[in-house]
Structures are given as structure tokens and as C-alpha cells.
Chemist: 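Encoded as C-alpha cells, here's the structure I'll be asking about.
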Number of protein chains: 2
Amino acid sequence: MRSSLAERQETVEAGAEAPATPSVRQQAVLDAVLALMVEDGDQLTMDAVARRASCSKETLYKWFGDRDGLLTATVRWQASRVHAGGAAVQALDGATLREHLQDFAVSWLTVITSRTSVALNRIAVAHAGSRKSNLGGIVLANGRFAIGERVKPVLEAGRDAGLLAFADSEAAFRTFFGLVGRDIQIRLLLGEALDLGEDEIRRDADRAVEQFLALYGRAKA
Amino acid sequence: MRSSLAERQETVEAGAEAPATPSVRQQAVLDAVLALMVEDGDQLTMDAVARRASCSKETLYKWFGDRDGLLTATVRWQASRVHAGGAAVQALDGATLREHLQDFAVSWLTVITSRTSVALNRIAVAHAGSRKSNLGGIVLANGRFAIGERVKPVLEAGRDAGLLAFADSEAAFRTFFGLVGRDIQIRLLLGEALDLGEDEIRRDADRAVEQFLALYGRAKA
DNA sequence: TATCGAGCGTACCGTACGGTACGGTACTGG
DNA sequence: CCAGTACCGTACCGTACGGTACGCTCGATA
């Protein structure tokens, strides 16, 4: 089935990057890549992708350049779905600060425990070993660093409101990050089953926030 | 150069595991594997290993069965070098508890930031994607879980001495783990440069221990 | 010295996979 | 109705790599 509306079909010129915003059809291809990654990590061949997405390999190469381009586009595509929320922070009281932090913790735990994230991170980690096309950098930028940039303003607002005390918001965030994630991500990446339910995630997030406030809270936050 | 002393040369029978304690020559081969892993992650071919170790591929297959066997033996070999220390814990006062925790934190940070550990974990993570021969499990058992088993008794001794308060030593350890490692391991695995010096590690360990004691310490530890 | 075997070097095989070429088809615009 | 084009399906190519086979050397033992 061709796309009936005349969509902007972008091809990748020699040396250029994959399209910033994939067409609907291209998104379907990228979803196929994600599906394959999740269900069998090392079955991720160009043939398999083409078969799964019902497209020709030639098209894959035309759209994404090469295998790395396809993987990069996939990582970007997945990243684009995760970014959400992030409303501006205003007048903070203790309860809303706690609530914000809890939200961050829950959504972060939900992301890193998802099968998609695990599969994606595995690919990126494996890729980081060999130089070329840093998937790792992209994953970091859209994962760890993206959430850092979203959390830090909240922390700073908390400090401005006299609820938190710290000198370096980056350091404070990293502590928060450690308290939330602990050993979860590495265990998942290394293949442990370990699936947290929604309630377990909420409890974990709760504990992490309490601990963080115990360390950085001023007066009663 | 052959090994001049008549060493027990073990071969791997069909379906059996690699030798538990590799001969000196075999250790040299495994070191070659480690060296290759560190200097170029995806150049880890059987040919490359044989060339690097000055041995024949046939010997590799005789000794280790197949590629997975070689990798498994390498992971085990590296693990066997890391295990050290772990003296029995007796009468704890606040200062020695703090010291013990600091030692653990420093040695853990030193391990996970080492190029060898990063390379090894990359391989194991990549392998965890495809089923078969869980390198991931071995790495977990000798890394995260091994240190857990060494830290928990210390924590419990601290509790017995009235220095710490917690209900679940596993949970307490995981918090400690998170405070120490934070985002370091994932950032390294994903390819960020980020090399900590010895002093930086010590500072990090310091901070982590202080934070842990702030959360779990009873009276002044 | 003759025999044996561990192990090195190299050549070889099969296959899987990245990447390319090509014919056929359906939709689009003139 | 015809040209153009986007794309599917499939066949194909080259190569890299896991795994095997074989000849040769060297040290050990009798």
C-alpha cells in the first residue's frame, strides 16, 4: 500500500543525515525496527527489517543511507516519542516539589524498565564499543541528559523557594538519579529478568524522593 | 614458545565448560582477548585473537570450544583477578565502618571506570540481547552481586553495633550502590569519555558514604 | 635416536549479512 | 493515454568471520 497523500519523501544524500522528521511510512519502518530489536536483539538484519516492514532493502538504503543511518533514525524516532510533559515551573511549595520529583522518578523508571529502552540501550552500548556513528551519544542526550535538563530547573526552583539546599544543581541531580535508578538499569542491560510493576515503580520513586529530600531538603519540604 | 613445564593442558569436551583454572598459556590467551577488547571492541575476531596471542585458531577451539566459550572464560578470568580483600568483619566502630564503606566505594568506582570493565560490560550487554551463554549473568554475579554480598555483612555488622538503622540490608545496599555509581556506569557504557582520576574517585566515594550515613546512620556513625 | 603429541601457521569452507541491481507495478501529472 | 516515479520483491555480489583440516616444528620421554 503506497501512501496515498503526496508526502514529502526524503532521501538521504551522500554524507547527509537521515531526515529529521520521518514520513508516516518511514515511521512505520522505524517501528518495525523497534519491534525487531525488542523481540530478538541480534536478528536485526536489513533483510529482516525489510521483510517486517514490507519494504524493499533498496528503499531502506535510499531513505536511511546505511545500517547505521537506520539505527540512528530509529533511536531519534524513539526519543521523539518519549519527550513529553515538562511544563514550566512556577511557585513551588513542598507538596508540589515532591510531586514533581515523584513524577520524574516514575517516568524515568518506567522508561528504563521498558523493553524498548532496554533493547535500544543494548544496541547503543554495543555500538559504543566500535567507533563510528555514536548512537551512544544520542541515547545519552535524549535519556540521561534530557531528564537532567528537565529536573535541574525544578531543583533550582525548589532552592529558590527555600525548600532545598545545594551548591551544584548538577551534582544534586546526579544524586537524585542514583537514588532513583540504583542498580536497575545495569541489571536489565545485563539480561536479568526483573520486571517492575507499576506499583513497585511508584514505591521505588517514593523512596527515592524521600531519600533525596532527606539529603537536600531544608526545613520540611 | 611452548610452556616448558608439563602443565595440565585441559581441552573442552563436547558440551563441557571451559577449564575452571586456565593454564598459564591459556591465561596469556585470555589476556590477549582482554587487550583486544579494550583497544577495539569490535575487532574481537577469532583470527585477531589467535594472531595477538600467537596461537592457532585450532588451539583456541580445542581449549575453549567456541567463541562463546572463549568469551566466557575471559569474563571468568577477569573476574578472578578482581576478587580480592574481603576480610572478616568484627567489632565495628563508627570510624572503621566509614572506612570500610569508603574502601568499597573506591574499589567499585575504580573497577567500573576501568577500560577493561567497560569493554567487558559492553560485550556482556551486547550478548545479553541474544539469548545463549549468559555472559551478562556471569558479569552480574561477579560484579554487582559479588560486591553486594561483601557489603551487606558490613552493613549488618554496623546495624548490630547500633551505628546503622535499616530493615532490609539488600535495600540498604542498593541505595549505597546508587549513591556510589549514580550515572557513571551507563555514561561510560554509552561511550562518554569521562575518566575519573584517583582523587576524583576518592571524593566521590567520600560524598557517597556521607550521604549513605546521613540516610541510614543512627546517632553519629 | 625414534616416537609421540602439543600446538603454531596457514589454507580452506560455508554462511550470513551489508549493500546493489533490476524488473515489475501502481499511482501521479500532463 | 503516456511518461515519470516511488517503491516492492527478489536475485545477486563481495566480504568478513566462525569453524575445520593439515602440515610442520619442537620439546618430552624411552
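On a predicted model such as this, the values are computed, not experimentally measured, just so you know. Numbered from 1 within each chain, the chains take letters A, B, ... in sequence-line order. FYI, side chains are in, hydrogens and waters are out, and symmetry mates aren't considered; it's all heavy atoms of this structure.
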Chemist: Determine all donor-acceptor pairs shorter than 3.5 Å in which one atom belongs to a side chain in residues 32-43 of chain B; sequence neighbours excluded.
Modeler:
{"from": "B:Glu39", "atom 1": "OE1", "to": "B:Arg52", "atom 2": "NH2", "distance (Å)": "2.9"}
{"from": "B:Glu39", "atom 1": "OE2", "to": "B:Arg52", "atom 2": "NH1", "distance (Å)": "3.1"}
{"from": "B:Asp42", "atom 1": "OD2", "to": "A:Ser130", "atom 2": "OG", "distance (Å)": "3.4"}

Chemist: Rounded to whole angstrom units, what separation is found between the CG atom of A:Asp68 and the C1' atom of C:dG19?
Modeler: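 Taking CG of A:Asp68 and C1' of C:dG19, I get 13 Å after rounding.
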Chemist: Would you confirm whether A:Ser117, through its side chain, and A:Thr113, through its main-chain N or O, come within 3.5 Å as a donor-acceptor pair?
Modeler: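 The answer is no, because no donor-acceptor pair under 3.5 Å joins these two groups.
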Chemist: Using atom CZ of A:Arg25 as one end and atom P of C:dC27 as the other, report the distance to the nearest whole Å.
Modeler: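 Distance check: A:Arg25 CZ to C:dC27 P gives 15 Å.
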Chemist: What is the distance, rounded to the nearest whole Å, between atom CG of A:Leu60 and atom C1' of C:dA21?
Modeler: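 Answer to the nearest Å: 15 Å.
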Chemist: I need the CG-P distance between A:Asp66 and C:dG18, as an integer number of Å.
Modeler: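 Checked: the CG to P distance equals 11 Å.
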Chemist: From C:dG7, D:dT20, C:dG19, pick the nucleotide closest to the side chain of B:Lys62?
Modeler: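 Side chain of B:Lys62 sits closest to C:dG7.
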Chemist: Reading nucleotides 9-16 of chain D from the 5' end, what letters show protein touch, with B for base, S for backbone sugar-phosphate only, - for no heavy atom under 4.0 Å?
Modeler: B-------
Chemist: Would you kindly give the OH-to-P distance between A:Tyr61 and C:dC22, to the nearest whole Å?
Modeler: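 Rounded to the whole Å, the gap is 17 Å.
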Chemist: Taking CG from A:Leu71 and C1' from C:dC17, how many angstroms apart are they, rounded to a whole number?
Modeler: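 About 14 Å, once rounded to whole Å.
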Chemist: Between A:Ile186 and B:Leu189, does the side chain to side chain contact (heavy atoms under 4.5 Å, CB included) criterion hold? Intermediate values first, please.
Modeler: CA-CA 10 Å; A:Ile186 190 64; B:Leu189 288 181; 3.7 Å; yes
Chemist: Are B:Arg144 and B:Glu170 ion-paired here, with the side-chain N under 4.0 Å from a carboxylate O?
Modeler: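 The answer is yes: the pair qualifies as a salt bridge.
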Chemist: Salt bridge (charged side-chain N to carboxylate O under 4.0 Å, His left out) between B:Arg150 and B:Asp103: does it pass, once the steps are laid out?
Modeler: CA-CA 11 Å; B:Arg150 285 167 58 204; B:Asp103 283 353; over 6 Å; no
Chemist: Does the side chain of B:Trp63 get closer than 4.0 angstrom to OP1 or OP2 of C:dA6 through an N or O atom?
Modeler: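 No, outside the criterion.
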Chemist: Ignoring hydrogens and angles, state whether a donor on the side chain of A:Gln211 or A:Arg207 is under 3.5 Å from an acceptor on the partner side chain.
Modeler: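 Their side chains do contain a donor-acceptor pair, which is all the 3.5 Å distance test asks for.
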Chemist: Just the rounded figure in Å: distance from P of C:dT20 to CZ of A:Phe64.
Modeler: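 Distance, rounded to whole Å: 16 Å.
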Chemist: B:Arg52 has an atom CZ; how far is it from atom C1' of C:dC8, in whole Å?
Modeler: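 Interatomic distance, CZ of B:Arg52 to C1' of C:dC8: 18 Å.
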Chemist: Tell me, do B:Leu30 and B:Phe64 make a side-chain contact under 4.5 Å, heavy atoms counted?
Modeler: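 SC-SC contact between B:Leu30 and B:Phe64 confirmed.
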Chemist: Both A:Leu44 and B:Thr59 contact DNA chain C. Which one's nearest nucleotide lies toward the 5' end?
Modeler: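 Comparing both residues, the 5'-ward one is B:Thr59.
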